[in-house]
Novice: 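Right, I'll just put the structure down here and ask away after.
Note on naming: letters A, B, ... go to the chains in the order of the sequence lines (proteins, then strands), and numbering restarts at 1 for each one.
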2 protein chains.
Amino acid sequence: MTTAEQPPAPRKKTGRRPGGADTRRTVLEAARAEFAARGYEKASMRAIGRAAGVDAALLHHYFGSKDRLFMAALEFPVQPKAAVAQLLEGDRAVVGERVAEFVLTLWEQPGVLDRLMALVRAAATTEQVARLMREFVQEELVARIAAELQVEQPELRAELMFSQIVGLAMARYVIGVEPLASATRAELVPLLAPTFQGYLGGA
Amino acid sequence: MTTAEQPPAPRKKTGRRPGGADTRRTVLEAARAEFAARGYEKASMRAIGRAAGVDAALLHHYFGSKDRLFMAALEFPVQPKAAVAQLLEGDRAVVGERVAEFVLTLWEQPGVLDRLMALVRAAATTEQVARLMREFVQEELVARIAAELQVEQPELRAELMFSQIVGLAMARYVIGVEPLASATRAELVPLLAPTFQGYLGGA
DNA sequence: GAGTGAATTCATCATGTGATGAGTTTCTCG
DNA sequence: CGAGAAACTCATCACATGATGAATTCACTC
């Protein structure tokens, strides 16, 4: 009985793997998914490793620490400067609609939702991430937007718009309240547009 | 040297304390503060105990588990049925303003902010709490509100209002973006009122 | 005043975590 | 081909966590 060791067991082997698999990308995708689904604290290096089919120590080899893995997994695919500029140019009477359309379309892009949720979940619990987000909002969004608005309290208005966007993400994806969670972009844009339009100063 | 035991050291003693201190309430307040500040996962029983001046085992004695402590700490001081009814009666042309005023005033009540933050932070990370919130929103809020609205897609509109409220809490208290975080109720109500009014169907 | 039960702490367990360092295998470049 | 670097795993550490059970002290009732 002691000599019964058949081949069926897919043995774990130490050392470098054959074939140039893009392990780094695999790991980043697994991390993104895990952070998105469970939040920063609950997502464990071990679980991420398991999801990527890799030992947890490899994550440290690549990224050094959980913090840095998180940062690497988050890298955002949008140039805020360009996006803001593009949204603000054009007919100001329909800027609210442009914003609504832009945000909802952005969230439909592959990989974006994972990043968004990871960010929101982490910001809710980790002061460090909240600070990062605060600085980003203030410097990249509010400052640029407020400079272009011809209304009283432009910062406050820009931030209220931001708050509606965050709230939408929470209600729709984190809390998942129906029918909001399943509503289509076409259904939501006409309802959100007036809100954004109002904040940005148009009647 | 072995007999040197002076009074300065505030000895920890085992056994029941003298004087009928309301330890349970103290613990609940400490728990609320801790859950609000750090979120469910990061708030440890030990830290809560320390903040309440009590051994962590006592929390288990009183509440059985961390889950149940959390639930006990959260008990909400608002009758949703009554609140919704009160907000919806009266002049529908200014219902948006009533809602804005109500929410911002509620958050100023002592103890409410702690509960709100604890809830939001936990909902963001713990699926169980998210589900609780989802059910609450759907059954207690959306159902009641939608029944009273004379517009298309009343549920969607009620939930968008909810999303703006959640987003406001996130932006203001969790992320803490300025000047939103420090804005007064008087500054915010006129900006929020049209949004709520729009969602609830008034022009 | 004795005795029951609640309030409270202490010591301890099992578990999961992020991190580290050493060892093994493959790739790449001369 | 041979050497060094990169990719990868294993074993392990130190630590924090939630939970449990026994032990001690006080309050309250008969």
Novice: Rounded to whole Å, please give me the gap between CZ in B:Phe70 and P in D:dG18.
Specialist: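 Distance, rounded to whole Å: 14 Å.
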Novice: Go through the steps to decide whether B:Glu41 and B:Thr126 satisfy the test side chain to side chain donor-acceptor pair (under 3.5 Å), and finish with yes or no.
Specialist: CA-CA 9 Å; B:Glu41 345 279 344; B:Thr126 307; 2.9 Å; yes
Novice: If you only use heavy atoms from C-beta on, which nucleotide in D:dG18, C:dT9, D:dA7 is closest to the side chain of B:Val54?
Specialist: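 My answer, after comparing the listed nucleotides, is C:dT9.
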Novice: Please state whether the phosphate of D:dA6, meaning OP1 or OP2, lies under 4.0 angstrom from any side-chain nitrogen or oxygen of A:Tyr62.
Specialist: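 It does not, given that no N or O in the side chain of A:Tyr62 lies less than 4.0 Å from OP1 or OP2 of D:dA6.
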Novice: Taking CZ from B:Arg50 and C1' from D:dA16, how many angstroms apart are they, rounded to a whole number?
Specialist: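 Those two atoms, CZ and C1', are 11 Å apart.
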Novice: Check whether any side-chain nitrogen or oxygen of B:Thr23 sits under 4.0 Å from OP1 or OP2 of C:dT8, and answer yes or no.
Specialist: yes
Novice: Which is more 5' along DNA chain C, the nucleotide nearest A:Asp55 or the one nearest B:Ala56? Just name the residue.
Specialist: B:Ala56
Novice: Tell me the interatomic distance from B:Leu59, atom CG, to D:dT17, atom P, rounded to whole angstroms.
Specialist: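 Taking CG of B:Leu59 and P of D:dT17, I get 13 Å after rounding.
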Novice: Please tell me if A:Ser65 has a side-chain N or O lying less than 4.0 Å from either OP1 or OP2 of C:dG18.
Specialist: no
Novice: In whole angstrom, what separates A:Asp22's CG from D:dA7's C1'?
Specialist: 13 Å
Novice: Once rounded to the nearest 0.5 Å, what's the spacing between atom CG of B:Leu104 and atom CG of B:Leu168?
Specialist: 6.0 Å
Novice: How do A:Lys42 and A:Ala57 order along DNA chain C: which one's closest nucleotide is nearer the 5' end?
Specialist: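 Looking at the nearest nucleotide for each, A:Lys42 comes out on the 5' side.
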Novice: For the side chain of A:Met45, starting at C-beta, report the closest nucleotide among C:dA19, C:dT9, D:dG18.
Specialist: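 It is C:dA19.
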Novice: Nearest to the side chain of B:Arg46, heavy atoms from C-beta on, is which of D:dG18, D:dC8, D:dT12?
Specialist: D:dG18
Novice: Under 6.0 Å from the ring centre and within 45 degrees of the ring axis: does the NZ or CZ of A:Lys66 meet both conditions for the six-membered ring of A:Tyr40?
Specialist: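 Because its charged atom sits under 6.0 Å from the ring centre and within 45° of the axis, A:Lys66 does stack over A:Tyr40.
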Novice: What is the distance from CZ of A:Arg38 to C1' of C:dT17, rounded to the nearest Å?
Specialist: 15 Å
Novice: Take atom CD of B:Glu41 and atom P of C:dT17, then tell me their distance rounded to the nearest Å.
Specialist: 12 Å
Novice: Determine the contact category for A:Ala52: base if any of its heavy atoms lies under 4.0 Å from a base atom, sugar-phosphate if only primed atoms, P, OP1 or OP2 are that close, otherwise nothing.
Specialist: nothing
Novice: Side-chain N or O of A:His60 versus OP1/OP2 of C:dA19: is the shortest distance under 4.0 Å?
Specialist: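 For C:dA19, OP1 or OP2 has a side-chain N or O of A:His60 closer than 4.0 Å.
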Novice: With a 4.5 Å cut-off on side-chain heavy atoms, are A:Met133 and A:Phe162 touching?
Specialist: yes
Novice: Write down the distance between CD (B:Glu34) and C1' (D:dT17), rounded to a whole number of angstrom.
Specialist: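 Rounded to the whole Å, the gap is 14 Å.
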Novice: Does B:His61 reach the side chain of B:Val54, with side-chain heavy atoms less than 4.5 Å apart?
Specialist: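 With C-beta onward as the side chain, the pair stays apart.
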Novice: Does OP1 or OP2 of C:dA7 have a side-chain N or O of B:His61 closer than 4.0 Å?
Specialist: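 Yes, within the criterion.
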Novice: Once you round it to whole Å, what is the distance between P of D:dA7 and CZ of A:Phe63?
Specialist: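 Those two atoms, CZ and P, are 11 Å apart.
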Novice: Could you check whether A:Ala47 gets within reach of a base, just the sugar-phosphate, or nothing at all, counting any heavy atom under 4.0 Å?
Specialist: nothing
